[in-house]
Each structure stands twice: as C-alpha cells, then as structure tokens.
Peer 1: 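The structure follows.
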Number of protein chains: 2
Amino acid sequence: MTTKGRPRSFDRDAALDAALHEFWRHGYEATSLAGLTKAMGINPPSLYAAFGDKRRLFTAAVQRYADTHGRYGALALARPTAREAVETMLRLAAAEYAAPGHPPGCLVVDGATNTTDAARDVREELRAVREGNKKAIAAKITADVAAGLLPPGVAEEADALAGFYASVIQGMSTQARDGADRAALERIAEIALRAWPAGPDAGAGADAGAGTDEGAGADAGTGGGTAGA
Amino acid sequence: MTTKGRPRSFDRDAALDAALHEFWRHGYEATSLAGLTKAMGINPPSLYAAFGDKRRLFTAAVQRYADTHGRYGALALARPTAREAVETMLRLAAAEYAAPGHPPGCLVVDGATNTTDAARDVREELRAVREGNKKAIAAKITADVAAGLLPPGVAEEADALAGFYASVIQGMSTQARDGADRAALERIAEIALRAWPAGPDAGAGADAGAGTDEGAGADAGTGGGTAGA
DNA sequence: CGAGTTCTGTAGTGGTCGCTACAGATGAAC
DNA sequence: GTTCATCTGTAGCGACCACTACAGAACTCG
C-alpha cells in the first residue's frame with residue numbers, strides 16, 4: 001500500500017494541536033471554521049479531507065487532549081489508593097489548569113458548556129467523560145473501603161465524595177479561567193483534601209499527609225457520625 | 001407626561017423571564033434572536049424597542065436573575081457569621097441549581113463560558129459578578145477573624161477559603177447541569193463544609209465536644225454541626 | 001514521458017446570524 | 001373626527017456560518 005497522489009503539505013498533529021487550542025479557548029460552537037483554518041494554517045478543503053468535519057475534528061481534539069494535557073486524570077487514577085488518586089488529581093489539575101502555553105482551565109469541563117440544540121451531542125460527549133471520571137473516583141473509594149483502608153461507613157458516601165471532588169475540580173477550571181494562578185488553585189486543592197474521610201482507625205488521628213488541623217476528632221466525628229447515623 | 005401611542009401588547013417582565021430562561025439554558029451566544037423571540041412570544045422589532053439589543057437584554061436578564069433565582073447569594077452574605085454565610089450559600093445553591101421549573105445550574109457561572117472574541121465583554125460581565133461574590137466571602141471570613149470567631153491564622157487563608165467555596169459552588173453548577181439532583185448537591189455542600197476551619201479555641205485539639213464552635217455558627221436543623229451524631 | 005491519484009487554493013453554496021426599514025395598527029390628546 | 005406618537009408584523013439587510021464544487025498542482029507509478 002503505497003502513498004500515491006500529492007502528499008499533504010502540513011503536519012497533521014500540529015494542525016490538530018492548533019485546533020485543540022482553539023476549541024479549548026472558545027468552546028465548540030464559538031469556534032468557527034475560519035478561526036480553525038487560520039490557526040491551523042490550512043484551508044477548509046484540507047481540514048475536511050484530514051479530519052472529516054468540525055464535529056469530528058472536535059472529537060479528535062478531545063482525544064488528543066486526553067492523551068496530553070488531560071492525562072493527569074488517568075495518571076491520578078493509576079495511583080494505588082483513592083486518597084493518593086484524589087490528591088494527585090487535584091494537584092496535577094491545579095498545575096495544569098493554570099500552566100502557561102495553553103488556555104486556562106479544562107477542555108472537558110468547559111469545552112461545550114454553551115450549546116445550541118444542534119450541538120447537544122457535543123455537550124453529551126464531554127458530559128460522558130466527566131461522569132466517567134466521577135464514577136472512577138467513586139470506584140477507587142469503594143475499593144479502598146473493601147480493602148480496609150477506609151472505614152466501612154465511607155462506602156455509603158463514596159458517590160457523594162466523588163461528586164464533591166469532581167465538583168472541586170470543575171470549579172477549579174472556572175477559577176483558572178477567571179484568572180486564578182497555580183498557587184491559588186493549589187490552595188483550593190489543599191483545602192478540599194481536608195474533607196477527606198479519616199482512616200479506619202479514626203479518632204486516633206492516624207492521617208497520612210495533610211492538614212495541620214486535620215487529624216483531630218472533629219472531622220472524624222463528622223464523617224463517621226453522618227455516615228453511621 | 002402621559003403615555004401616548006399604541007400600548008405594548010406583551011408583558012415586559014414575562015418576556016424578560018422567557019429570555020432569562022433561554023440565556024440560562026443555552027448561554028449568551030448560543031441563544032439566537034429567533035429562539036428569544038419565539039420564547040418571548042414577540043417579534044424582533046418589539047424586542048429591540050423594549051430591551052435595546054441582544055447584549056442589553058442579556059444584562060437585563062442577569063439583573064433579573066440576581067433579583068430572583070440568584071438571590072440566594074445576597075441572602076447568604078447577609079447572615080451574621082462567615083460560617084453561616086457559606087453554609088447558607090451552599091445549601092441554597094444546592095436547592096436552587098436543581099430546582100424544577102427552570103434550567104439547571106447557575107446563569108452567572110455558566111451563562112457565558114464559551115464565547116467568541118466579539119462577546120468577550122459578556123464573559124467579563126459574569127466574571128466580575130463571580131469575583132465579587134468570592135471577595136465578599138473572603139471579607140466575611142476576615143471580619144470573623146477580627147471578631148474573634150475564627151483563629152488569627154485563618155486570616156492568611158481567607159482568600160484561599162473563599163476561592164475553595166467559590167470553586168465548590170461553581171462545580172455544583174456543572175454537576176447540576178450534568179444531572180445531579182438536589183440531594184446529590186446537598187451532599188457535596190455538606191462535605192465541603194467539613195473543610196471549614198475549626199473555631200478559635202481549636203488549636204489545642206480539644207474538640208470532642210462539638211459545641212465549642214458550632215454552637216455559635218450553626219443554625220438548628222441544618223446539620224452544620226454534624227446533626228446526625 | 002503520460003496516467004492515475006490525492007492534495008491545495010479559489011470561490012463560491014444555501015442557511016442562519018443580529019438587526020432594521022417600512023407600512024399598517026392602535027392608542028391618547030385635541 | 002383629526003393628529004400624533006408608539007407599537008406591531010412582514011420582509012429583508014449585509015455578514016457570517018459550516019461546508020463544498022472545481023480546477024490546477026504535486027506526487028507515484030508504469
């Protein structure tokens with residue numbers, strides 16, 4: 001299978017990166033073909049030949065995002081414990097969302113927030129990714145409860161905890177887009193980690209790494225009491 | 001000054017409410033004049049005579065939102081203590097974001113997330129409201145430190161705490177738009193409140209008795225003081 | 001070389017965007 | 001009634017939207 005015909009005169013990956021940045025900054029529908037072709041340095045027919053159409057180009061950009069800037073999610077979920085996974089996810093998100101060289105915030109969180117009815121499927125595409133991440137966090141928590149790393153009562157609020165940390169991360173994206181720098185985002189992450197449930201031997205305050213005020217009984221009492229009531 | 005000429009044939013407030021719902025659901029730029037006029041039950045010339053143009057109609061809709069569904073923010077900030085303000089804001093937001101009868105989430109958070117360069121000022125308008133709310137929360141915290149309701153060290157992280165709770169609320173809006181119901185949002189709010197700093201006499205870690213700090217801050221029945229225990 | 005294949009730039013397509021000119025309709029003032 | 005001011009619906013403005021027909025350019029193959 002040889003490559004016949006006139007060869008492509010642009011770098012497909014570089015063009016995809018340029019498209020990704022456009023979608024990242026403006027969102028799906030607010031990104032025009034004119035803006036895309038200008039940023040990518042190509043003309044519409046080349047775009048359509050290489051990527052299909054705007055809709056498929058967006059999906060390709062999301063995929064590329066997941067493989068590059070958005071890789072922190074998978075990296076964090078690969079950590080052995082739920083606590084490490086959540087902490088890693090928060091801290092990597094803080095660093096990534098405000099990193100120079102690309103638009104602030106998260107493409108998956110804010111890439112298709114404002115859509116017409118015609119682009120409802122685009123919003124659904126990103127929503128599915130967000131919900132998948134949330135479920136993955138909940139699964140990590142449930143697994144740690146089963147492994148004895150977290151008290152049994154935490155199992156009942158695994159979904160709630162996952163929803164909380166998903167909410168924080170999504171809010172961090174908005175904060176980054178509003179101008180928060182990396183330090184500010186890291187402070188948000190740090191405070192969010194104070195809400196992590198105490199270990200299985202709660203009350204003794206055997207906490208891994210975090211807050212100065214955290215190990216004490218207040219949080220342990222809150223979590224255990226609410227869950228067990 | 002009498003009213004001469006043909007009287008307006010539609011209810012201006014009702015039309016504004018309809019426009020608000022359109023902007024709320026789709027965001028500023030994804031809302032078309034055609035969609036607005038259809039939802040408002042009027043024709044373009046009537047819209048322009050009554051509200052100026054799409055841009056000014058949006059600002060009027062944001063103002064109406066602030067006076068109605070978005071009133072929870074001002075209500076919460078009117079509470080005497082920072083703790084009550086934040087707790088009230090979280091719980092009212094949880095109830096409001098998933099309430100039936102209107103689109104999910106918050107207009108101020110998600111009403112102008114995806115914009116072209118031409119509508120950058122719209123995004124700025126909402127960003128200013130968000131940042132104002134964040135600063136108001138920080139001011140409440142700083143005031144409570146000055147009043148002795150919170151330990152002096154909290155003053156240094158007043159901005160960080162405000163950023164954290166703003167982040168949670170903004171994330172709750174995304175969660176609501178992704179389908180979270182009121183109960184799920186309230187669980188997020190509850191977990192977020194676990195990160196609230198301990199009272200002024202908490203440094204020694206003598207807090208098994210929750211009454212020390214919670215008695216002043218938590219109102220009856222809200223669960224702010226770990227109600228179930 | 002010529003034939004075959006694919007890419008590239010030009011120059012549009014119909015459709016929708018926000019917005020408005022215009023004329024008829026509908027009221028108050030006289 | 002007549003006059004005048006304002007609103008209303010129709011109909012259409014130029015600009016932009018995503019997208020593509022077309023022809024020439026640039027490559028591999030025989």
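Not measured: the values here are computed from a predicted model. Lettering of chains follows the sequences in order, A, B, ..., and the numbering in each one begins at 1.
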Peer 1: Rounded to the Å, how far apart are B/Ile42 CD1 and C/dC19 C1'?
Peer 2: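 In whole Å, C/dC19 C1' lies 14 Å from B/Ile42 CD1.
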Peer 1: Quick one: ring pair (Phe, Tyr, Trp, His ring centres under 6.0 Å) partners of A/Tyr165, sequence neighbours excluded?
Peer 2: A/Trp196
Peer 1: Give A/Thr31 one of three labels, base, sugar-phosphate or nothing, depending on what nucleic acid heavy atoms sit under 4.0 Å from its own.
Peer 2: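 If one applies the 4.0 Å heavy-atom cut-off, A/Thr31 turns out to touch the sugar-phosphate alone, with no base involved.
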Peer 1: What is the distance, to the nearest angstrom, from the CZ atom on A/Arg55 to the C1' atom on D/dC19?
Peer 2: 16 Å
Peer 1: Can you list everything that forms a side-chain contact (heavy atoms from CB on, under 4.5 Å) with A/Ala136? Sequence neighbours excluded, please.
Peer 2: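 Partners of A/Ala136 by the side-chain contact (heavy atoms from CB on, under 4.5 Å) criterion, ordered by chain and then number, come out as A/Leu77.
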Peer 1: Of all residues at least two apart in sequence or in a different chain, which pass the side-chain contact (heavy atoms from CB on, under 4.5 Å) check with A/Glu84?
Peer 2: A/Arg79, A/Pro80, A/Thr81
Peer 1: Could you list the donor-acceptor pairs under 3.5 angstrom formed between side-chain atoms of residues 32-44 of chain A and any protein atom two or more places apart in sequence or on another chain?
Peer 2:
{"unit_1": "A/Ser32", "atom_1": "OG", "unit_2": "A/Gly35", "atom_2": "N", "d": "3.0"}
{"unit_1": "A/Thr37", "atom_1": "OG1", "unit_2": "A/Leu33", "atom_2": "O", "d": "2.9"}
{"unit_1": "A/Thr37", "atom_1": "OG1", "unit_2": "A/Ala34", "atom_2": "O", "d": "3.0"}

Peer 1: Can you measure B/Phe51 atom CZ to D/dT8 atom P for me and round it to whole angstrom units?
Peer 2: 11 Å
Peer 1: Within this structure, what is the CE-to-P distance between A/Met40 and D/dC19, rounded to whole angstrom?
Peer 2: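 Atom-to-atom, A/Met40 to D/dC19, this comes out as 13 Å.
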Peer 1: Which side-chain hydrogen bond (donor to acceptor under 3.5 Å, both in side chains) pairs, counting each pair once, include a residue from residues 44-59 of chain B, with sequence neighbours left out?
Peer 2: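 For residues 44-59 of chain B, and leaving out neighbouring residues, the side-chain hydrogen bond (donor to acceptor under 3.5 Å, both in side chains) pairs sorted by first residue read B/Asp53-B/Arg56, B/Arg55-B/Thr59, B/Arg55-B/Asp121, B/Arg55-B/Glu125, B/Thr59-B/Glu125.
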Peer 1: Mind listing the side-chain donor-acceptor pairs of residues 155-163 of chain B below 3.5 Å, one per line with the distance, residues two or more places apart or on another chain?
Peer 2:
{"unit_1": "B/Glu157", "atom_1": "OE1", "unit_2": "A/Arg194", "atom_2": "NH2", "d": "2.9"}
{"unit_1": "B/Glu157", "atom_1": "OE2", "unit_2": "A/Arg194", "atom_2": "NH1", "d": "3.2"}

Peer 1: Tell me: OH of B/Tyr48 to P of D/dA11, nearest whole Å?
Peer 2: 19 Å
Peer 1: May I ask you to decide if B/Val168's main-chain N or O and A/Ser167's side chain share a donor-acceptor pair within less than 3.5 Å?
Peer 2: yes
Peer 1: Side chain of B/Pro45 only, heavy atoms from C-beta on: which candidate in C/dC19, D/dT10, C/dT10 is closest?
Peer 2: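 Nucleotide nearest to B/Pro45's side chain: D/dT10.
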Peer 1: To the nearest Å, how far apart are B/Lys38 NZ and C/dT16 P?
Peer 2: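 Atom-to-atom, B/Lys38 to C/dT16, this comes out as 13 Å.
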Peer 1: Can you pull out every side-chain hydrogen bond (donor to acceptor under 3.5 Å, both in side chains) where at least one residue sits in residues 7-23 of chain B? Sequence neighbours excluded, please.
Peer 2: B/Asp17-B/Arg64
Peer 1: Scan residues 92-113 of chain B for pairs that pass side-chain hydrogen bond (donor to acceptor under 3.5 Å, both in side chains), counting only residues two or more places apart or in two chains.
Peer 2: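 As it turns out, the side-chain hydrogen bond (donor to acceptor under 3.5 Å, both in side chains) pairs with a partner in residues 92-113 of chain B, which skip direct neighbours, are B/Tyr72-B/Tyr97, B/Glu96-B/His102, B/Asp110-B/Ser173.
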Peer 1: Using whole Å, report how far CZ of A/Arg12 lies from P of C/dT8.
Peer 2: 12 Å
Peer 1: Are there any protein N/O atoms within less than 3.5 Å of an N/O atom in nucleotides 12-14 of chain C, and if so, which ones and at what distance?
Peer 2:
none

Peer 1: Enumerate all atom pairs, one protein N or O and one N or O from nucleotides 5-7 of chain C, separated by less than 3.5 Å.
Peer 2:
{"unit_1": "C/dT6", "atom_1": "O2", "unit_2": "A/Arg6", "atom_2": "N", "d": "3.2"}
{"unit_1": "C/dC7", "atom_1": "O4'", "unit_2": "A/Arg6", "atom_2": "O", "d": "3.1"}
{"unit_1": "C/dC7", "atom_1": "O2", "unit_2": "A/Arg6", "atom_2": "NH1", "d": "3.3"}

Peer 1: Give me each pair satisfying salt bridge (charged side-chain N to carboxylate O under 4.0 Å, His left out) with a member in residues 23-33 of chain B, each pair once, sequence neighbours excluded.
Peer 2: none
Peer 1: CG of B/Asn43 versus C1' of C/dA25: gap in Å, rounded?
Peer 2: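 Result: 14 Å.
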Peer 1: So, are B/Glu190 and B/Arg187 salt-bridged, with charged N and O less than 4.0 Å apart?
Peer 2: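 Looking at B/Glu190 and B/Arg187, the cut-off is not met.
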Peer 1: Expected output is a numbered-order residue list: members of residues 112-127 of chain A with a heavy atom under 4.0 Å from any atom of DNA chain D. What is it?
Peer 2: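 Under 4.0 Å from DNA chain D: no residue of residues 112-127 of chain A.
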